[in-house]
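Okay, so here's the structure we're looking at.
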Amino acid sequence: MNLAYKDIKHTLGKFLITAMGVGMLLGVVLIMIGVYRGMIYDAKVLVNDINPDLWVVQEDKMGPFAESSKIHRDLKNYLKSVEGVDKTAAYTFQTIEFPLKTKFTKAMIVGYDVFGEITPINPKRLIKGRNINKSHYEIVVTDKMRYKIGDKIKLLNDIYTVVGITHGTVDSGGNPIVYMSLSDANKIQFNYTNPRIRNDRARGIKANRDSDLVNTIVVKLKKGYLSDLVAKNIKKEFNKNVFTQKDELFFLSRHVIEKSSKQIGSFTVILIIVSTIIIGLIIYTMTLEKMKEIAIMKLIGIPNSKIVNMILQETVVLGVLAFISGNIFSHLIYNKFPKRVLLDLNDAEILFVIVLVASILSSLIGIYKVIKVNPQEAIGG
Amino acid sequence: MDNSIKVENLVKIFGKGETKVEVINGANFEVKKGELVALIAPSGAGKTTLLMMIGCVETPTSGKIYLGDEKVYDNKWLIKDTTKIRRDKIGFIFQAPNLVPFLNVIENVTLLSVTKGISKENANKKAMELFTYFDIAEKANFMPSELSGGQQQRVAIARALATEPEIILADEPTAALDKTRSIDVVKMLKKIAVEQNVAVIMVTHDEDMLPLCDRILQIKDKKVINKKIDKII
C-alpha cells in the first residue's frame with residue numbers, strides 16, 4: 001500500500017494547486033535566468049553576425065561598443081596592404097529615436113558598405129525581403145518594429161523604403177537594429193541644419209568634415225594567418241587599436257553589460273534562494289498538516305520508515321510536478337517579454353536538482369518532527 | 001502464561017522540583033487473557049497515562065511492565081523497538097475513531113497487517129470477516145468521512161483487532177456514542193475478549209458500562225485498586 005499515492009489522491013486538487021503554485025515560482029526563476037542569458041546573448045548578436053577576425057578602432061580607444069571611436073573610412077583600403085588581410089569593411093553604429101507607426105523607439109543604426117565585402121546581416125536572421133542593394137534610401141528593420149516590406153519611413157528629410165525584415169537583431173541594450181548604407185547612416189549622423197552650417201563656416205570649420213569618419217573597420221583574414229599577429233602588425237603600422245573577435249566579445253560581456261547582467265544575475269540568485277525557502281516552508285507545512293494522521297499511524301505501530309517514505313515520496317512528486325508546471329509556465333510566457341528571454345535546458349536541469357535537493361532537505365525537518373512526535377500528544381491524549 | 005498484562009510497582013512522575021507531579025505511585029495489577037477490565041478514575045487521575053505506559057507510548061518513571069511473556073519496561077530500561085511491540089501485541093481504540101482520512105475503510109484496517117508482512121489477500125479476508133462481524137461489510141470501500149460516528153468507531157475496533165493482538169487498550173471508546181451504541185461496543189469488546197482470548201483494558205467514565213466488564217481497576221490516591229463490580233455500582 002503506497003501511502004504517498006493514497007494521500008495525494010485524497011487531496012489531489014490541493015496537491016496539484018500547491019504544485020502549480022510552486023511551479024509558477026520556479027517558472028519565474030527560469031524566466032529570470034532566461035532574461036540573464038538573453039541579455040548576454042543579445043549583447044553579442046551584432047558582433048557575432050558581422051563576425052570579423054579583427055576590429056580596428058581609434059588609437060587608445062576600446063571602441064566601437066565600449067567607447068566611441070572615430071577613424072577614417074578610407075583606412076579600409078590601406079589595411080588591404082597588410083599581409084594576411086583578406087577583406088575589410090567600414091561600419092558606423094549610432095543610436096537614434098526611430099519612428100514606429102505610432103510612436104518612437106530607441107534603435108541602433110548600423111551603417112555599412114552595401115557593396116562591401118563583409119555584410120552585417122546574418123542571412124539566417126533575414127526572414128523577409130532582401131539585403132540592401134542600393135547605396136541610398138533602402139533600409140532593413142527588425143520584425144518587432146512591425147513594418148512590412150515596401151513601407152516608407154521618413155528619417156530627417158529623406159524617405160527610406162523597407163526592403164528586408166530581420167528577426168532577433170538587437171544591440172547590447174536590447175534595442176532593435178536598423179541596417180542602412182554607410183552614406184545614409186553618415187547623413188543621419190552628420191546632417192546639420194543650415195544655421196549650424198553657416199555657424200561652422202564662420203568658425204572656419206569645413207562642412208561635413210566628419211562624414212568621412214566611421215566607428216570601426218572590420219577585417220577578415222586569409223586562411224592560415226593568426227589574428228593576434230596581424231593585429232600587432234596593423235597596430236604598429238597604422239597606430240590604431242586592434243581587437244580580435246574574442247576581445248570584442250569579452251569587452252561586450254565585461255564592460256558593456258557587466259553591471260546590468262550582474263544585477264540580473266544577483267537578483268536571480270536571490271530569487272532562487274527565496275524560492276527554495278518558500279518551497280521548504282510549503283513542504284514543512286504539508287508535513288505538519290498530516291501530523292495527527294502520522295501520530296495515529298505511529299501509535300498503532302506503523303514504523304517510522306514507512307511514514308518517512310511517504311513524506312519523501314510526496315516531496316519528490318511535488319518537486320517533479322512543480323518543475324514540470326514551472327517549465328510549462330515559463331514556456332508559455334517567455335516570448336511576451338520585450339527583451340529576449342533565453343530558456344536553456346541546462347539551467348532547467350540545474351534548477352530541478354536544486355529544487356529537489358532543497359525539497360528533500362526541507363522535508364527532513366518535517367521528518368525530524370515526525371520521528372520526535374509523541375503520538376499521545378498529537379492525538380490529544 | 002495466563003497474564004497478558006502485568007504491572008509491578010509502576011510509578012509515573014511528571015516534571016521536576018517544584019513542578020513535580022506524581023500521577024501513579026506504585027501500581028500493581030494483572031490482566032488475564034479473555035478478561036475485559038474497566039479502568040476508572042476521576043478526570044486527571046492518570047487513566048490515559050497508565051494506558052499509554054502499558055502501550056509503550058509514555059515512559060514510566062520506575063517499576064516493571066510485562067506484556068505477555070515479554071518484559072517491556074524495567075526501572076528506567078525501556079524495550080528498544082516500542083513501535084514493534086505496539087504493532088505485534090497491542091490494539092488501540094481511542095475516544096475518537098482516529099481513522100487515517102486518506103485511506104478507505106478496508107485500507108485503514110489492513111494497513112498494519114500489510115506492514116507486518118501479511119499478504120494483502122489474507123489481510124483483506126480478515127478485514128472482511130471483521131466487517132461482517134461488526135455489520136459494516138458494505139462500507140468496506142467507503143472513506144471514513146462517509147461513515148457515521150458509530151460506524152467509524154466500529155472500523156476503529158476492527159483495526160485494533162485486525163492483527164490479532166494479545167492486548168486491546170481502549171481509551172474511552174464509548175465517550176462519543178449514545179447509550180445504545182455504547183452498550184453494543186462494550187458487549188462487542190467483551191465478546192472479542194472471550195472469543196479471541198484477548199486481554200482488554202477499557203478506560204471509561206460511564207458507570208452503565210461497568211456491569212458489562214469482568215473487573216474494575218480504580219485509580220485512587222495514585223494507586224491502582226482492584227474493585228468488584230457490585231461495590232462500585
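Every value quoted in this text rests on a predicted model; they were computed, and no experiment measured them.
- Within 6.0 Å of atom CE in B:M128, more than 12 heavy atoms from other residues, nucleotides or ligands are found, so the atom counts as buried in its surroundings.
- With chain A as the partner, the residue from B:L103, B:I90, B:V100 showing the most heavy-atom pairs under 4.5 Å is B:L103.
- A 6.0 Å sphere centred on CD of B:E121 holds no more than 12 heavy atoms belonging to other residues, nucleotides or ligands.
- Both the backbone and the side chain of B:L111 come within contact range of chain A, each with at least one heavy atom under 4.5 Å from a heavy atom of that chain.
- Note that CZ of B:F94 is 7.0 Å distant from CD1 of A:I296, once rounded to the nearest 0.5 Å.
- In terms of non-hydrogen atom pairs under 4.5 Å with chain B, the most contact-rich of A:K298, A:K9, A:K290 is A:K298.
- Here the straight-line distance linking atom CG of B:N108 with atom NZ of A:K6 works out to 11.0 Å at 0.5 Å rounding.
- Interface remark: of the candidates B:L112, B:V114, B:D88, B:L112 forms the most heavy-atom pairs closer than 4.5 Å to chain A.
- Atom CG of A:L299 sits about 13.0 Å away from atom CZ of B:R87, to the nearest 0.5 Å.
- By the neighbour-count criterion of 12 heavy atoms within 6.0 Å, atom NE2 of B:H205 is densely surrounded, having more than that number from other residues, nucleotides or ligands.
- B:R86 contributes no side-chain N or O that, together with a main-chain N or O of A:G301, makes up a donor-acceptor pair within less than 3.5 Å.
- With a 4.5 angstrom heavy-atom cutoff, A:L3 touches chain B via backbone and side-chain atoms both.
- Within 6.0 Å of CD in B:E22 there are more than 12 heavy atoms belonging to other residues, nucleotides or ligands.
- Once rounded to the nearest 0.5 Å, the distance linking OG1 of B:T83 with CE of A:M297 reads 12.5 Å.
- Only the side chain of A:K306 comes within contact range of chain B, judged by heavy atoms closer than 4.5 Å.
- The environment of A:M20 atom CE is sparse: at most 12 non-hydrogen atoms of other residues, nucleotides or ligands sit within 6.0 angstrom.
- Using a 4.5 Å heavy-atom threshold, the side chains of B:N98 and A:K292 count as touching.
- With a 6.0 Å radius and a threshold of 12 heavy atoms from other residues, nucleotides or ligands, B:F14 has its CZ atom above the threshold.
- Scanning all heavy atoms of the two residues, the minimum distance from A:D7 to B:F102 falls at OD1-CD2, 3.3 Å.
- If you measure heavy-atom distances from B:E107 to chain A, the contacts under 4.5 Å come from both the backbone and the side chain.
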